[in-house]
Protein chains: 2
Amino acid sequence: MPYKEKEIEKLYYTIGEVAAMLKLNASQIRFWDKQFEIIKPHKNKNGNRLFTTKDIEAIAKVNELINEKGFTIQGARQYLEQSPEMFDDKREQAIAYLRLLKEKLLGLKDAK
Amino acid sequence: MPYKEKEIEKLYYTIGEVAAMLKLNASQIRFWDKQFEIIKPHKNKNGNRLFTTKDIEAIAKVNELINEKGFTIQGARQYLEQSPEMFDDKREQAIAYLRLLKEKLLGLKDAK
DNA sequence: GAAGCCAATGCCATACAAAGAAAAAGAAAT
DNA sequence: ATTTCTTTTTCTTTGTATGGCATTGGCTTC
């Protein structure tokens, strides 16, 4: 098994990685984590958040609703509750892109 | 000609009438009048607003977006400016979302 | 020492609401 | 009818509570 494959299969991302990925502030991600049930990272023994691709998708979605579509937090919450199936539909397609995203992110990390 | 018809043919409504009709308070209607171009009542010599049914519909729409759908003022404005079908179309939305992710990915790549 | 945690506080824009003035609309008296 | 008084409706401007983060501080872990 090649080394690279192992990295691509990475399951969890730290808040800093997610913040860099989506160009958001970490504090904002923590805030949204409190506000939205669909963002539910695991936590390790130290309490650090561990985000899955699903969490990242959820954050990207929230970001879209709030910063591009112009919803309030509560409007976005309501919107997400009303159309959960739509969000699931996108998951499969989004995974392909997220896989690519992961690769690029690893490239960035190696460069540093 | 029955009496009632005369009322139905009324062209202009005062802010108080509109407020009662939509169960909003007048100050809120004045505020939205400033914020939204689609609300454009005529004014008499004294500056009093004269609302047409079209204005009233526009106010009702704004009310729906803000108080029911959970948009901010600016989000509602944006929504009204673009074609609403596109916004409601789930497939379009999914595509737009994926495009967004891709852009973010590319942006990340270019950044370093 | 860099990155993460939480809690508390600060801060600025948003989204109205209240204040105060002016005028229109009734009612009463002349 | 018209003057006077009162009440209601409207106006604009200014005030303010809340929302949505950002920052700071103190601490822990890697």
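Every chain is numbered from 1, with letters handed out A, B, ... down the list of sequences. These figures come from a predicted structure and were not determined experimentally. Just so it is clear, the values below take in all heavy atoms, side chains as well, and ignore hydrogens, waters and symmetry mates.
- Checking dG20(D), dC16(C), dT12(D) against every side-chain atom of I73(A), the shortest atom distance belongs to dG20(D).
- As a whole-Å value, the separation of Q28(A) CD from dG20(D) P is 12 Å.
- A side chain to side chain contact (heavy atoms under 4.5 Å, CB included) with F36(B) is found for exactly one of L80(B), L65(B), I59(B), namely L80(B).
- Distance from the side chain of N48(B) is smallest to dC11(D) among dC11(D), dG4(C), dC21(D).
- When the C1' atom of dA15(C) is taken as reference, atom CD1 of I39(B) falls 14 Å away, rounded to whole Å.
- If you take CZ of F31(A) and P of dG19(D), they are 10 Å apart, rounded to a whole angstrom.
- Judged by distance alone, the side chain of D55(B) and the main-chain N or O of I39(B) form no donor-acceptor pair under 3.5 Å.
- In this structure, R49(B) reaches the sugar-phosphate backbone alone: every heavy-atom distance under 4.0 Å involves primed, P, OP1 or OP2 atoms, never a base.
- Side-chain proximity of K43(A) to the nucleotides dG20(D), dC16(C), dC5(C) is greatest for dC5(C).
- When the side-chain nitrogen and oxygen atoms of N46(B) are compared with OP1 and OP2 of dA24(C), one or more of them lie within a distance under 4.0 Å.
- To the nearest 0.5 Å, the span separating CG on N63(A) from CD on Q28(A) amounts to 7.0 Å.
- In this structure, the side chain of N25(A) engages the main chain of S27(A) through a donor-acceptor pair within 3.5 Å.
- Within the 4.0 angstrom heavy-atom criterion, base atoms lie near K34(B).
- The CD-C1' distance, from Q74(B) to dT14(C), rounds to 11 Å in whole Å.
- Protein atom CD1 of I59(A) is 17 Å distant from nucleotide atom C1' of dG20(D), rounded to whole Å.
- Per the geometry, CG belonging to N44(B) stands 13 Å off C1' belonging to dA22(C), to the nearest Å.
- When each of F51(B) and T72(B) is assigned the nucleotide of DNA chain D bearing its nearest heavy atom, the one mapping closer to the 5' terminus is F51(B).
- Each of I15(B) and S27(A) has a nearest nucleotide on DNA chain D; the 5'-most of these lies closest to I15(B).
- Per the geometry, CD1 belonging to I29(A) stands 14 Å off P belonging to dT23(D), to the nearest Å.
- Under 4.0 angstrom from either OP1 or OP2 of dA15(C) there lies no side-chain N or O belonging to W32(B).
- Positionally, the nearest nucleotide of DNA chain C for R30(A) lies more toward the 5' end than for the other of R30(B) and R30(A).
- Formation of a donor-acceptor pair under 3.5 Å by the E37(B) side chain with backbone atoms of R77(B) is not found in this model.
- Whole-Å rounding puts the D33(B) CG to dC16(C) P distance at 14 Å.
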